[in-house]
Amino acid sequence: MASNTGMNNPSSAASQERPRSPSPSKARKEEGKEHDESEAKQEGGEERVEREEEEEEEEAPPRALFKSSRFKGYLTLVVTSGVNYQAAFISDNITTFGGLNMMEATGQQRSYAMAVALISIVFSTFIVLAHIDRLTPMKKYWSRMFKPKSRTEAFIISFLLLWWIIALWVNTGIMGIAGDGKGQYNLYFSSWACFFVCAWTLERWLVSCNYPSLEAFLASWPNRAPGWIAIFFLSLAALLSLVDLFTQWDSVNNKIIALHYGQINMAQWQWLLFVTGFTICPAIGFVLVEIFRETKPGEDKNTKTEWETILEGFILLLLVILWIPSVIVATTPGGAASFVGNAYFAVWGSCAFVVDTSVWWIHDWRKRVLVAIREQEKEYHNIQKKVLDRSRMEIEEEAENVLRNRQEQSDDDDDDMSMHSDSIEGQPIPDMAGT
């Protein structure tokens with residue numbers, strides 16, 4: 001009976017065999033599961049690729065680390081740190097190694113300077129040996145440690161750079177072992193050399209990671225922003241150095257330094273502090289203007305408004321007027337920055353970049369004037385061409401009118417002649433015989 005019923009009702013059997021469509025909530029859940037599974041597969045694939053790359057690097061032969069550009073920096077740091085250590089070691093013996101202008105270092109200053117140089121020597125020598133290691137079982141480890149984009153190497157370079165920044169602040173200040181007027185020139189210049197070597201090595205590491213170099217970074221700034229950046233940092237260094245001299249010179253136990261700085265009047269200190277502080281304000285201002293400048297699509301990023309260019313030129317002219325007499329007064333014998341030290345080089349550097357940026361502005365201004373003159377000449381030639389074309393068209397139209405008038409006149413004459421001939425033909429011919 002059941003079979004007969006099923007055969008007799010085909011519609012009910014078809015409805016039982018038809019699959020049911022899933023509900024919207026179930027469809028969303030299934031889509032979410034598929035999305036999660038695809039993401040998991042993608043993440044698993046990326047992890048697999050990274051693992052394969054690491055295995056390939058481990059199986060690959062070790063790189064020749066001594067061929068990297070950073071190896072030159074580490075090797076140079078060994079030399080400069082050695083010179084710095086030797087200068088610190090003899091800094092307390094002015095009878096044998098010094099002169100009349102050399103100030104004997106205290107035991108604490110000498111110990112700190114030697115410790116700084118010795119630690120730098122140990123680190124840089126270890127890195128150099130790791131770069132030239134081709135025999136020990138650790139050579140593969142060194143290759144991974146100092147490979148391009150290695151974070152371990154970045155940490156080491158950053159530590160050395162920070163190490164020498166602190167050493168510079170302590171050693172080259174007025175209270176330091178190689179401060180202004182101390183006469184410890186080898187220690188002073190070798191400390192700065194170690195700092196620049198570390199900074200250069202860090203820049204080489206950034207370039208190896210496909211980051212722009214410092215030169216490319218400064219060149220990417222529009223207009224005269226690189227000059228303003230240099231002015232800002234140098235004037236800030238000059239301000240900090242002068243503040244250090246002004247506030248700490250009377251704490252130095254040395255008759256020459258006390259006699260020199262004691263003769264400098266307060267007006268000179270106030271003037272130099274004012275000039276350096278005033279210079280910082282427009283420098284940071286023009287840098288911030290370039291950072292927040294908005295350019296429209298298709299507009300040149302180097303475009304400045306007319307009033308902004310005039311204001312920049314006026315400020316540069318004012319800074320030149322302030323800095324030239326300031327550097328003359330400060331760096332001549334008896335000036336606040338006449339001793340070889342941070343203040344001396346910072347003041348000269350600030351003045352040099354102020355003048356250089358001013359010359360840069362004059363060059364760009366002359367270029368703008370030349371472009372404006374050429375645009376006016378081009379406009380004049382365009383107007384001249386339009387006038388000549390209009391005159392030529394007028395002359396051609398006038399010639400055409402004259403020709404047209406002549407043609408019309410000749411046509412009228414032809415019509416008159418034809419009419420006259422027709423009238424003659426219509427008259428009767430007289431009979432001469434009858435007459």
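What you see is a predicted model, and the numbers here were worked out from it, not measured in a lab.
Distance alone, capped at 3.5 Å, is enough to place a donor-acceptor pair between the Ser350 side chain and the Ser235 backbone. A donor-acceptor pair under 3.5 Å links the side-chain atoms of Gln184 to the main chain of Ser91, judged by distance alone. Formation of a donor-acceptor pair under 3.5 Å by the Trp361 side chain with backbone atoms of Thr309 is found in this model. A donor-acceptor distance shorter than 3.5 angstrom exists from the side chain of Gln109 to the backbone of Met175, with no hydrogens or angles considered. Under a 3.5 Å cut-off, the side chain of His363 and the backbone N or O of Val359 do not form any donor-acceptor pair. Side chain of His260 to backbone of Gly335: a donor-acceptor contact under 3.5 angstrom is found. Remark: the backbone N or O of Met145 is paired with a side-chain donor or acceptor of Ser150 at under 3.5 angstrom. Using a distance-only test at 3.5 Å, with no hydrogens or angles considered, a donor-acceptor pair links the side chain of Asn401 to the main chain of Glu397. Judged purely by atom type and a 3.5 angstrom limit, Lys182 uses its side chain to pair as donor or acceptor with the backbone of Ile174. In this structure a side-chain-to-backbone donor-acceptor pair under 3.5 Å is present from Asn382 to Lys378.
Stacking of Arg224 on the aromatic ring of Phe286 is not recorded, the 6.0 Å distance cut-off and the 45° axial limit not both being met.
Within the model, atoms CG of Asp180 and CG of Leu245 stand 4.5 Å from one another, a figure rounded to the nearest 0.5 Å. A distance of 12.5 Å separates CG in Leu234 from CG in Leu239, rounded to the nearest 0.5 Å. Put simply, CD on Glu400 and CE on Met393 are 10.0 Å apart, with the number rounded to the nearest 0.5 Å. With values rounded to the nearest 0.5 angstrom, Leu77 atom CG is found 8.5 Å from Thr125 atom OG1. From Ile231, atom CD1 reaches atom CG of Leu236 across 13.5 Å, with rounding to the nearest 0.5 Å. Atom CH2 of residue Trp365 and atom CD1 of residue Ile310 lie 10.5 Å apart, to the nearest 0.5 angstrom.
Of all non-hydrogen atoms in Asn84 and Ser190, the two that sit nearest each other are ND2-OG, 2.9 Å. Between Leu161 and Ala199, the shortest heavy-atom contact is CD1-N, 3.8 Å. Residues Ala115 and Trp163 approach most closely at O-CZ2, 4.4 Å, considering heavy atoms. The minimum heavy-atom distance between Thr357 and Gly227, with the atom names listed, is OG1-CA, 3.6 Å. Here the shortest heavy-atom pairing between Ala237 and Ala346 reads C-CB, 4.0 Å.
No hydrogens or angles considered: nothing links the side chains of Trp200 and Thr76 as a donor-acceptor pair under 3.5 Å. Inspection of the Ser81 and Ser120 side chains reveals an N or O donor paired with an N or O acceptor under 3.5 Å. A donor atom on one side chain and an acceptor atom on the other are not found under 3.5 Å apart for Asn342 and Ser241. Checked by atom type, the side-chain pair Trp228/Glu290 shows no donor-acceptor distance below 3.5 Å. With 3.5 Å as the limit, one finds no donor-acceptor pair spanning the side chains of Trp360 and Asp356.
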Can you list the steps and then say if Tyr188 with Ile177 is a side chain to side chain contact (heavy atoms under 4.5 Å, CB included)?
CA-CA 9 Å; Tyr188 177 84; Ile177 188 175; over 6 Å; no
Evaluate salt bridge (charged side-chain N to carboxylate O under 4.0 Å, His left out) for Asp389 paired with Lys386, printing each intermediate quantity in order.
CA-CA 5 Å; Asp389 293 340; Lys386 290 179 181 179; over 6 Å; no
Given Gln248 and Ser251, is the side chain to side chain contact (heavy atoms under 4.5 Å, CB included) satisfied, shown in steps?
CA-CA 5 Å; Gln248 299 292 333; Ser251 301; 4.0 Å; yes
Under the ring pair (Phe, Tyr, Trp, His ring centres under 6.0 Å) rule, what do Phe345 and Trp348 come out as? Steps first, then yes or no, please.
CA-CA 5 Å; Phe345 292 106; Trp348 266 111; 9.9 Å; no
Checking side-chain hydrogen bond (donor to acceptor under 3.5 Å, both in side chains) for the pair Trp271/Ser326: CA distance, chi angles, key distance, verdict?
CA-CA 8 Å; Trp271 172 257; Ser326 298; 2.8 Å; yes
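Residues Asp250 and Tyr261 form no side-chain contact, since every pair of their non-hydrogen atoms from C-beta on lies 4.5 Å or further apart. Contact of the Trp323 side chain with the Thr276 side chain is registered, since non-hydrogen atoms from C-beta on lie closer than 4.5 Å. The shortest side-chain heavy-atom distance between Asn171 and Tyr112 falls under the 4.5 Å cut-off. Proximity of Leu273 to Val243: side-chain heavy atoms (C-beta onward) are separated by under 4.5 Å at one or more points.
Shown are Leu319, Ile324, Leu318; of these, the side-chain contact (heavy atoms from CB on, under 4.5 Å) with Val354 is made only by Leu319.
Counting non-hydrogen atoms of other residues, nucleotides and ligands closer than 6.0 Å to CD of Gln384 gives a total above 12. Heavy atoms of other residues, nucleotides or ligands lying less than 6.0 angstrom from CZ of Phe339 number more than 12.
Ring geometry for Phe155 against Phe159 counts as parallel: the plane angle stays under 30°, on a 0 to 90° scale with 60° as the upper cut. A tilted orientation is assigned to the rings of Tyr185 and Phe189, their planes being inclined by 30° to 60°.
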